[in-house]
Amino acid sequence: MPEDKIAAALDANHEVEEIEKTRVRTLGNVRLRHHVTNEIILVPAPSSDPRDPLNWPQWYKYYMAAVICTAMMMCNFLAAGPSIAMVATTMEFFRGAHPGKNMPLFVASVAKVSYFFTTTALMQGVGNFFWVPITNKYGRRPTYIFSYIIYTACAIWLCFERSYSGFLVGRILMGFGAGAAEIIAPITIADIFFLHERGTIMALYTSSLAVGVSLGMLISGLITINHNWRVIYQVASALVGAVLLLAFFAFPETAYTRARSSTGGHNGPRLMEAEKAELSASASDVERASSQSPPKETYVQSLRIFHGTLTRESLFKLMVRPIGLICLPPVLWSALVEAVTIGFLVAVTSNIEVAYERTYHFESWQVGLCFIAAIIGSLVGVPAGGQFGEWIADKLTRRNGGIRDPEMRLPAMIPCLIATPLSLILYGVGIEYRLHWMCPTIGLALLNFATVQGTNICLVYVIDAYRPVAGEITLAVMGFKSLFGFLLSFYTNTWVSQSGYQNAYGVMAAISAIVIFGWVPLYIWGKQIRHVTWQWPVISYIHWSEDREVGE
C-alpha cells in the first residue's frame with residue numbers, strides 16, 4: 001500500500017500498551033498497524049545490523065526478487081518445455097514408432113517417453129526432502145549453488161545422451177537439482193521482505209513457476225520448426241548455466257539469525273508469562289545489543305558458500321517435520337489447492353500436443369504458440385494474487401483494529417474458485433466437441449491465471465501462519481503437489497481415452513471447486529483450528545526450536 005506510512009521502529013508484538021496486554025494471540029497473529037495512528041508496523045522488526053537482509057535497500061531487494069524469479073522460470077523451463085516435442089522424441093528413441101505407420105507401437109512408446117517428464121516432476125518434489133533441511137541448517141546460498149551445478153551438468157549431459165536408459169537417468173538427476181530453487185524461493189522472499197510486502201513478491205514467484213512452463217513450451221516449440229529437438233537442451237544449458245553464474249557471483253546469503261520472537265517459540269501459540277516479561281524491555285535495549293553487530297560484509301566475503309550453522313535442530317527432525325505439518329488442516333488444504341491447480345495444469349500440458357494434433361492438426365510449434373495465452377494468464381494472476389490479496393487482507397486488518405490474522409487473505413480465493421473449474425470445462429468441452437481452438441486455449445489461459453492467483457494466496461497464508469518453518473511448510477505443500485502431479489500425468493491419457501475429454505475434465509472441474517471452496521470454513525474457524533491442532537500430541541515433536549524464531 002504505497003500511500004501508507006511506516007510506523008517508527010516498534011516490535012509488532014510489544015506489550016507496552018494496555019490494549020496489547022489483554023490481547024490473546026495465536027500462531028501468525030501479529031499487530032500490523034498501530035492501533036492509534038493506523039501506520040504499518042514492520043514485521044518482523046528489523047535490527048540495526050547492516051547484515052540484516054531486512055535493512056537492504058529496496059532496489060536491491062527487488063533485484064534479489066528478480067534473480068529468484070529467473071531461477072524459478074529456469075526450474076520448469078527444461079523440466080516441461082521439451083514435452084512439446086514428444087512425438088519427435090519418441091520416434092528418435094524408438095525406431096519404427098510412427099503415428100502414421102505403426103500406431104500401437106507409437107502409443108506404447110509415447111508412454112515410455114513420458115517417463116522423462118513424469119519422473120523429473122516427481123524428483124523436483126521428492127528431492128527437496130534433502131535440499132530443504134540443508135537450506136534450514138546451512139543457508140540458502142549453498143543450496144542454490146549446488147543444486148544448480150547438478151541442474152547445469154545434467155542439462156549438458158542430455159544434449160549428447162543417446163540411450164533411453166541413460167537419458168531417463170539424466171532426467172531424474174536433473175529433477176533432483178532443478179526442484180530445489182522452487183522450494184527455497186519462498187524462504188528467501190520471507191528472509192528479505194516484510195509481512196506487508198510478502199504477498200505481492202510471492203505472486204511474482206508463483207507466476208514465474210507457471211511462466212517457466214509456458215515459456216519452455218513456447219520456445220521449445222519454436223526451436224523445433226527448423227532444428228532437432230535436442231537443440232532445446234543446448235539452449236537450456238546456456239540459460240541454466242547463466243543462472244548458476246548469477247547465483248555464485250551476485251546472490252548473497254539471505255538467512256539471518258535474529259532475536260527470539262515473542263510468539264511463543266516451540267512452546268505453543270500462546271505467550272508464556274516469562275516471555276511476556278521479556279517483551280517489556282525497551283527498544284533502546286534492543287538497539288544497544290544490535291549496535292554491537294559486526295560490520296557489513298565485503299563483496300569478497302559474501303562469496304563464501306557457507307556462512308555457518310543456522311539452527312541446533314537435527315537434520316532428521318528437519319526432514320520429518322514436513323510429514324507432520326501435512327497433518328495440519330490449513331497445510332493439507334493448501335497442498336490440495338496446489339494439487340488441483342498445478343496438478344490439473346500438468347494434466348493439460350502432458351496431453352496438449354496429442355489433443356491439439358488430433359483435433360486441430362497443429363504442429364508442435366503451433367501448440368507452443370498457444371502458450372502465449374498461458375503466459376498472459378499467468379501475468380494477470382500476479383496482481384490478482386498479490387496486490388488484490390494484500391488489499392483484502394489490509395481491509396480486514398484495519399477493520400480488526402490493526403491486528404493481522406493469516407486467514408484475512410483467504411477471501412481473495414474467490415477468483416480462483418471461479419476460474420479453475422471454468423478453465424477445465426472450457427478445455428475439455430472444446431477438445432471433445434472440436435470447437436474453435438481458441439476455446440481450449442482460453443481455458444489454458446484461465447487455468448494458468450488460477451494457478452498463479454490461488455496458489456499464491458494459500459501458500460502465503462500458511463507461511464504467515466507458521467513463518468519460522470516456512471521451508472518445511474513449502475516442502476509439505478509442494479511435495480504433495482509433485483506427487484499428485486506425477487500420478488495424474490501417468491493416468492491422464494488413459495483417463496481421457498476411457499471417459500472422453502468432457503467427462504474427464506468435467507470431473508477435474510468438480511474436484512477443484514470442492515477443494516478450493518475449503519477457504520470458507522478456514523476463514524470462519526481457521527484461527528481456532530490452528531490453535532487446537534498445534535496442541536495435538538502427534539504434532540508436538542515437530543514444534544520448532546527457539547533458534548528458528550524470526551520475529552513474527
Non-hydrogen side-chain atoms of Thr451 and Phe344 separated by less than 4.5 Å: no

Side-chain touch Ile323/Ile542, heavy atoms, less than 4.5 angstrom: no

Heavy-atom pair of closest approach, residues Cys458 and Glu338: SG-OE2, 4.2 Å

Donor-acceptor under 3.5 Å (Glu253 side chain, Pro142 main chain): no

Residues, nucleotides or ligands: over 12 heavy atoms within 6.0 Å of Trp536 CH2: yes

Inter-residue atom distance Asp52.CG - Thr254.OG1, 0.5 Å rounding: 11.0 Å

Note, Val211 side chain near Asn76 side chain (heavy atom, < 4.5 Å): no

Salt-bridge criterion met for Lys395 and Glu390 (N-O under 4.0 Å): no

Under 3.5 Å: donor-acceptor pair, side chain of Gln502, backbone of Gly428: no

Value rounded to 0.5 Å, distance of OG in Ser378 from CZ in Phe371: 10.0 Å

Centroid separation Trp544 to Trp534 less than 6.0 Å: yes

Exercise: do Thr455 and Thr206 side chains pair donor with acceptor under 3.5 Å: no

Backbone of Lys317 reached by a side-chain donor or acceptor of Ser314 within 3.5 Å: yes

Heavy-atom side-chain proximity of Thr533 to Ile539 below 4.5 angstrom: no

Side-chain donor-acceptor pair present, Thr397, Arg404, cut-off under 3.5 Å: yes

From CA spacing to verdict: side chain to side chain contact (heavy atoms under 4.5 Å, CB included), Ile514, Ile511: CA-CA 5 Å; Ile514 292 171; Ile511 293 172; 6.0 Å; no

Gap between atom CG of Asp394 and atom CE of Met408 - 0.5 Å precision: 10.0 Å

Closest heavy-atom pair and its distance - Tyr256, Pro53: CB-CD, 3.5 Å

Main-chain N/O of Phe251 paired with Arg141 side-chain donor or acceptor, under 3.5 Å: yes

Ring centroid separation Phe176 to Trp131 under 6.0 Å: yes

Working for side chain to side chain contact (heavy atoms under 4.5 Å, CB included), residues Leu426 and Tyr505: CA-CA 9 Å; Leu426 285 174; Tyr505 285 95; over 6 Å; no

Min side-chain heavy-atom separation Leu310-Lys137 under 4.5 Å: no

Expected output: side-chain Tyr205 to main-chain Glu182 donor-acceptor under 3.5 Å: yes

Any Pro330 side-chain heavy atom under 4.5 Å of Tyr466 side chain: yes

Under 3.5 Å donor-acceptor, Thr311 side chain and Glu313 backbone: yes

Whether over 12 other heavy atoms sit under 6.0 Å from Tyr541 OH: yes

Side-chain ion pair, Glu472 and Arg321, N-O less than 4.0 Å: yes

Aromatic ring pairing Phe193/Tyr62, orientation class (parallel under 30°, perpendicular over 60°, tilted between): tilted

Contact summary for Ile463 and Thr474, nearest pair of heavy atoms: CD1-OG1, 4.0 Å

Inter-residue atom distance Ile134.CD1 - Ile184.CD1, 0.5 Å rounding: 11.5 Å

Side-chain donor/acceptor of Gln453 to backbone N/O of Ala450, under 3.5 Å: no

OH on Tyr427 to CG on Leu447, rounded to 0.5 Å: 10.0 Å

Straight-line distance of Lys61 NZ to Ile68 CD1, nearest 0.5 Å: 12.0 Å

Trace of the side chain to side chain contact (heavy atoms under 4.5 Å, CB included) decision for Thr341 with Cys416: CA-CA 9 Å; Thr341 50; Cys416 180; 4.2 Å; yes

Over 12 foreign heavy atoms within 6.0 Å of OH, Tyr60: yes

Closest heavy-atom pair and its distance - Asn456, Ala203: OD1-N, 2.8 Å

pair Ser334-Phe480: side-chain heavy atoms closer than 4.5 Å: no

Heavy-atom side-chain proximity of Met478 to Asn128 below 4.5 angstrom: no

Polar side-chain atom of Asn55 near backbone of Asp49 as donor-acceptor pair, under 3.5 Å: yes

Polar side-chain atom of Asn448 near backbone of Ile375 as donor-acceptor pair, under 3.5 Å: no

Carboxylate-amine/guanidinium contact Asp191 Arg467, below 4.0 Å: yes

Heavy-atom closest pair, residues Ser207 and Leu379: OG-CD2, 4.1 Å

Stepwise side chain to side chain contact (heavy atoms under 4.5 Å, CB included) check, Glu407 with Ile524: CA-CA 8 Å; Glu407 285 75 19; Ile524 299 172; over 6 Å; no

Side-chain donor or acceptor of Lys481 paired with backbone N/O of Val337 under 3.5 Å: no

Minimum heavy-atom distance between Val43 and Arg198, given as atom pair plus value: O-NH2, 4.3 Å

Side-chain donor-acceptor pair present, Tyr144, Thr188, cut-off under 3.5 Å: yes

